[in-house]
Protein chains: 2
Amino acid sequence: MKVITTIKDMQVEINKQKSQSKSIGFVPTMGFLHDGHLTLLNRARQENDIVVLSIFVNPLQFGPTEDYSTYPRDFERDRALAECEKVDFLFYPSVEEMYPHPSSVKVFVEDRTDVLCGKSRPGHFDGVATVITKFFNIILPTKAYFGKKDAQQVAVIEGLITDFNFPIELIPVDIVREEDGLAKSSRNVYLSPEDRKQAIVLNKSLIAAKTAIADGERNCTNLISLISKMITYGTNGIVDYVEILTYPQLKPLENLEGTIIIALAVKFTKVRLIDNIILEIH
Amino acid sequence: MKVITTIKDMQVEINKQKSQSKSIGFVPTMGFLHDGHLTLLNRARQENDIVVLSIFVNPLQFGPTEDYSTYPRDFERDRALAECEKVDFLFYPSVEEMYPHPSSVKVFVEDRTDVLCGKSRPGHFDGVATVITKFFNIILPTKAYFGKKDAQQVAVIEGLITDFNFPIELIPVDIVREEDGLAKSSRNVYLSPEDRKQAIVLNKSLIAAKTAIADGERNCTNLISLISKMITYGTNGIVDYVEILTYPQLKPLENLEGTIIIALAVKFTKVRLIDNIILEIH
């Protein structure tokens, strides 16, 4: 595995691979890899000649009050894990390398951002779409892998690829969970032992909603109330949002039918967790 | 020469060429080709294996009161001219093909747009940068050719390529002029015979400013006044702007030195013309 820190070096390697018509699987991450990321890498390894992993904590997608400086980082551990997953190139640029001066252009995401995390994180998805545009142009991947845990991110990237005509196939990959059901996340390490135990309520409440739907419930307000109550009355978690929307368009629902997402964000002390479930309802 | 109207067909052809490691020269235009465009095509022909010309009057870059619907169009004439210039692929998509639904993303140009044409055309360069991003992703050019007549556009595209890391070389090409000095433009056909005669004042005033600088003038206000007076008192032209800025950063000048641009926009009856001169001052 080759660790590459400059855009120029990365482009030289990509050119070499492209000139040999190699397919390139790309997994963009902010590092502190967990099993969710490793599943993406594993999938990319199976489906491509070359696998590129990027590790970059992108300041552009953090708000001024968010956890950019405290976001967990452990490059040596990540490097070892990437090696195990047979990554070919680990692209690890500095902030100065990615943003040598204030950018004259950015991607503005006009749709799919006024709900879920986008509502409470203004500019977040502009930052995501801007850095992903840069990565796409540097790495020229055949396929790009994103986890469905951030289902809104997947929806935004789907729009980015389609509407900007990137010649890239988006591969959304299922959520990977701990044994007790908590969705894997780099932020889980910051949960206190007590909060860690209680955090399983995110998944549990989603399953409860799924069961209620299977039992015939079709009223969104009732479902949202069911979930909110499980969290609010059973744990220390503070609900940021619980929403039920169409997927991937992320529009409000008239009737509970078609492809829908139930998504939530809950804060435990200082740690904000997200989870979701996507369902086909007939 | 092959005329292609769908993105998918264009991508198939580009893939074929890329797999043979052919270099691709790209000339994006809004059609109604004049000698300026032909110079771009000629240059692209000399420097690349494959030449792609796009003709697309991009609604996104016209304001609500601008001349989108009346912008001159003559596809059969353009096709014949492109054939003469040995273009390989003429990409001619419809508006529906380029924008099948409202785009979920757009490029927002944050810098170099609060001066010159950008000042009076809010959103214009966002529209330009957005459509060019789409074209770049569809055509994957090695080199992209733009005329220096729209010097601000060249500056914006330079920022777009650099800051989004497009693996594309920007080739700015010198302004082509009529024998009497008027810069070639698709809009020139809409000038009345009298306005057409008077329109040479754009180039003449720029040359007068250049001469004044050669004679030692270093005061921007004096130079702008010299140009404005030549236009206002000598013709029916109404000055939209006359500005002197650094190039390509397009920042106001403290002292007249380094690489500078003198740029102007003048309206004759209903036709708005632009012209500029870029100078090295020591």
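None of the values given here were measured: they were computed from a predicted structure. A, B, ... follow the sequence lines: proteins, then strands. Residue 1 opens every chain. The figures here come from the full heavy-atom set of this structure, side chains too, leaving out hydrogens, waters and symmetry mates.
- Near-neighbour residues of residues 7-20 of chain B relative to chain A, defined by a heavy atom under 4.5 Å from a heavy atom of that chain, comprise B/Ile7, B/Gln11.
- Contact annotation for residues 240-251 of chain B against chain A (heavy-atom separation below 4.5 Å): no residues qualify.
- Separation of atoms CG (A/Asp163) and NE2 (B/His101) is listed at 3.5 Å; rounding is to 0.5 Å.
- Residues from residues 122-144 of chain B that place a non-hydrogen atom less than 4.5 Å from a non-hydrogen atom of chain A comprise B/Thr130, B/Thr133, B/Lys134, B/Asn137, B/Ile138, B/Leu140, given in numerical order.
- Annotation: residues 50-60 of chain B contacts chain A through no residue [non-hydrogen atoms, separation under 4.5 Å].
- Each of B/Ile168, B/Thr162, B/Asn165, B/Leu160 has some count of heavy-atom pairs under 4.5 Å with chain A, and the biggest count is that of B/Asn165.
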